[in-house]
Amino acid sequence: MKLSSLHANETPFIGVRRADGIVNVSAALPGLPRDVGALLRSPAYDAQALADVVARTAASALLRDDEVRFRPVLPAPGKLLCLGLNYVDHAAENAARPPEYPVVFGRYPTSLVGHGEPLVRPSVSTHFDYEAELVVVIGKTCRNVSRAQALDHVAGYTLLNDGSIRDYQLRTHQWTIGKNFDATGALGPELVTADELPLGAKGLVLRGLLNGKVMQEANTSDMIFSVADAIAILSEVMTLEAGDMIATGTPGGVGFVRNPPVFLKPGDVFEVEVERVGTLRNHVIAEASP
């Protein structure tokens, strides 16, 4: 299934994509939470019941994409843990050796918008960079899980533009500040359940496009630390809970290492594409004057 957290007429609901449109499953199952993250954490979550609603919904009740607004697919995650330098070419363009242990930082909900919503270039910087990433979403609590069992705890996958304010990011050895300006990242549009993708989401083409031009391209098999690696390593440190997310890193081609540098500016459109997962598309605006 492809699940999304949506608004229509300012009412939040969970949508499931069918080939001919979007099913409002919250209308048929009003007792369920109204965003995907809360759904994954709910003891009432029944994937088969959701599938039954999707199958029996009449075509006349379906919604079009232009009739809804996309929220971040998990609007309030307990954790969004991001891996840095997880593709060899991205490490190389940063003049860094491939890490022997994952580089990990956090992103927080106020930094994220949904598919189709504007990314905001802050007034204090013009160094707004893009990063196309695949995100794994945890579906079942785990701690100290083995690599062999790690993928049993995956609910599915989604997409992230890990938008970065580079001059702020590079002010300190910790990257958190540059990764958490309000509305500088995008998450979504949908959670694609793990059963629809190859094991560990391996072998999928990932692209980042700026105004239709391919700026980043790689294969998810090129990750230094695989999805299973990331879950196993992080679960040594902390409990991973349903609705937590791990962003698996971006490939080479980011803007700040180009000559000349390429930064996002108002009017630009950036897209994250991953084969069989979808396309996350957002336009850029300038932050309003205080």
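Just the heavy atoms: all of them, side chains too, but no hydrogens, waters or symmetry mates, feed the values below.
- T248 and E133 share no donor-acceptor pair across their side chains, judged by distance under 3.5 Å alone.
- Residues Y130 and M215 form a side-chain contact, since some pair of their non-hydrogen atoms from C-beta on lies under 4.5 Å apart.
- Between E117 and R69, at least one side-chain N (NZ, or NE/NH1/NH2) sits under 4.0 Å from a carboxylate O, which counts as a salt bridge.
- A pairwise comparison of heavy atoms in P72 and S5 identifies O-CB, 3.7 Å as the closest pair.
- Taking all atoms of both residues into account, the shortest heavy-atom contact from R18 to V54 is NH1-O, 2.8 Å.
- Counting non-hydrogen atoms of neighbouring residues, nucleotides and ligands closer than 6.0 angstrom, the NZ atom of K79 exceeds 12 such neighbours.
- Under the 4.5 Å side-chain heavy-atom criterion for Ile, Leu, Val, Met, Phe, Trp and Tyr, F70 and V277 are members of distinct hydrophobic clusters.
- One hydrophobic cluster, built from ILVMFWY side chains closer than 4.5 Å, holds both I233 and V227.
- With salt bridges taken as basic N to acidic carboxylate O contacts below 4.0 Å, none links D152 and K140.
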Next item on the list: Assess whether side-chain contact (heavy atoms from CB on, under 4.5 Å) is satisfied between V205 and E217, documenting all intermediate values.
Entry: CA-CA 7 Å; V205 176; E217 185 165 2; 4.0 Å; yes
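- Using modelled atom types, one finds a donor on one side chain and an acceptor on the other under 3.5 Å when comparing T184 with R107.
- The closest donor-acceptor contact from the side chain of E190 to the backbone of L3 lies at 3.5 Å or more, if one exists at all.
- A distance of 10.0 Å separates CD1 of I224 from CG of L83, quoted to the nearest 0.5 Å.
- The number of heavy-atom neighbours closer than 6.0 Å to CG of L199, taken from other residues, nucleotides and ligands shown, is 12 or below.
- Closest approach of F181 and V124 over heavy atoms only: CE2-CG2, 3.7 Å.
- In this structure, N180 and T110 have side chains that are not in contact, with every pair of non-hydrogen atoms separated by 4.5 Å or more.
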Margin query: Test salt bridge (Lys or Arg N to Asp or Glu O under 4.0 Å) on K202 and E275; report intermediate values, then the result.
Written below: CA-CA 11 Å; K202 284 191 173 182; E275 182 182 7; over 6 Å; no
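- Aromatic rings from F128 and F263 are positioned such that their centres are separated by 6.0 Å or more.
- Other residues, nucleotides and ligands place no more than 12 heavy atoms under 6.0 Å from the CG atom of N9.
- Under the 3.5 Å distance criterion, the side-chain polar atoms of D89 are matched with a main-chain donor or acceptor of G252.
- With rounding to the nearest 0.5 Å, the separation of OG1 in T239 from CG in N144 is 8.5 Å.
- Hydrophobic clustering keeps L74 apart from I138 (ILVMFWY residues linked when any side-chain heavy atoms are closer than 4.5 Å, directly or through intermediates).
- A salt bridge does not link R41 with E241: none of the charged nitrogens is closer than 4.0 Å to a carboxylate oxygen.
- Side chain of N161 to backbone of A186: no donor-acceptor contact under 3.5 angstrom is found.
- For the pair L160/L112, a side-chain contact is recorded, criterion being any heavy-atom separation below 4.5 Å from C-beta on.
- D167 contributes no side-chain N or O that, together with a main-chain N or O of H127, makes up a donor-acceptor pair within less than 3.5 Å.
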Checklist line | Pair L206-L204, side-chain contact (heavy atoms from CB on, under 4.5 Å): steps then yes or no | finding: CA-CA 6 Å; L206 179 156; L204 304 177; over 6 Å; no
Next item on the list: Quick one: do V269 and V284 satisfy side-chain contact (heavy atoms from CB on, under 4.5 Å)? Show the steps, please.
Entry: CA-CA 6 Å; V269 175; V284 180; over 6 Å; no
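- Side-chain N or O atoms of S4 include none that pairs as donor or acceptor with a backbone N or O of L6 at under 3.5 Å.
- Using modelled atom types, one side-chain atom of H115 and one backbone atom of R281 make a donor-acceptor pair closer than 3.5 Å.
- In this structure, D182 contributes its side chain and S111 its backbone to no donor-acceptor pair below 3.5 Å.
- The hydrophobic cluster containing Y45 also contains V137, counting ILVMFWY residues as joined when their side-chain heavy atoms lie under 4.5 angstrom apart, directly or transitively.
- Separation of atoms CG (L85) and NE2 (H90) is listed at 5.5 Å; rounding is to 0.5 Å.
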Next item on the list: Under the side-chain contact (heavy atoms from CB on, under 4.5 Å) rule, what do T126 and R121 come out as? Steps first, then yes or no, please.
Entry: CA-CA 7 Å; T126 59; R121 188 182 74 175; 4.1 Å; yes
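- Here the straight-line distance linking atom CD1 of I246 with atom CG of N86 works out to 10.5 Å at 0.5 Å rounding.
- The closest side-chain heavy-atom distance from I231 to C142 is below 4.5 Å.
- At distances below 3.5 Å, not a single donor-acceptor pair connects side-chain atoms of N211 with backbone N or O atoms of F270.
- With T220 contributing its side chain and A201 its backbone, the two residues share a donor-acceptor pair below 3.5 Å.
- No side-chain heavy atom of V53 sits under 4.5 Å from any side-chain heavy atom of L50.
- A single hydrophobic cluster is seen to contain both M1 and L32, as judged by linkage of ILVMFWY side chains at heavy-atom distances under 4.5 Å, directly or through other members.
- Under a 3.5 Å cut-off, the side chain of S221 and the backbone N or O of G203 do form a donor-acceptor pair.
- Remark: Y168 OH to T176 OG1 distance equals 15.5 Å, nearest 0.5 Å.
- In this structure the side chain of I285 reaches within 4.5 angstrom of the side chain of H283, judged on heavy atoms.
- Taking all atoms of both residues into account, the shortest heavy-atom contact from K179 to D162 is NZ-OD2, 2.9 Å.
- Between L240 and S235 there is a side-chain heavy-atom pair separated by less than 4.5 Å.
- The pair K213-E271 fails the salt-bridge criterion, with no side-chain N (NZ, NE, NH1 or NH2) lying under 4.0 Å from an Asp/Glu carboxylate O.
- Closest of all the heavy-atom pairs between E67 and L63 is OE1-CA, 3.4 Å.
- Interatomic distance, Y157 OH to L134 CG, rounded to the nearest 0.5 Å: 7.0 Å.
- Smallest separation of non-hydrogen atoms from V135 and L159: CG2-C, 4.2 Å.
- Note on R17 versus D65: salt bridge recorded, some NZ/NE/NH1/NH2 to OD/OE distance being below 4.0 Å.
- Looking only at side-chain heavy atoms (C-beta outward), L62 and D20 come within less than 4.5 Å of each other.
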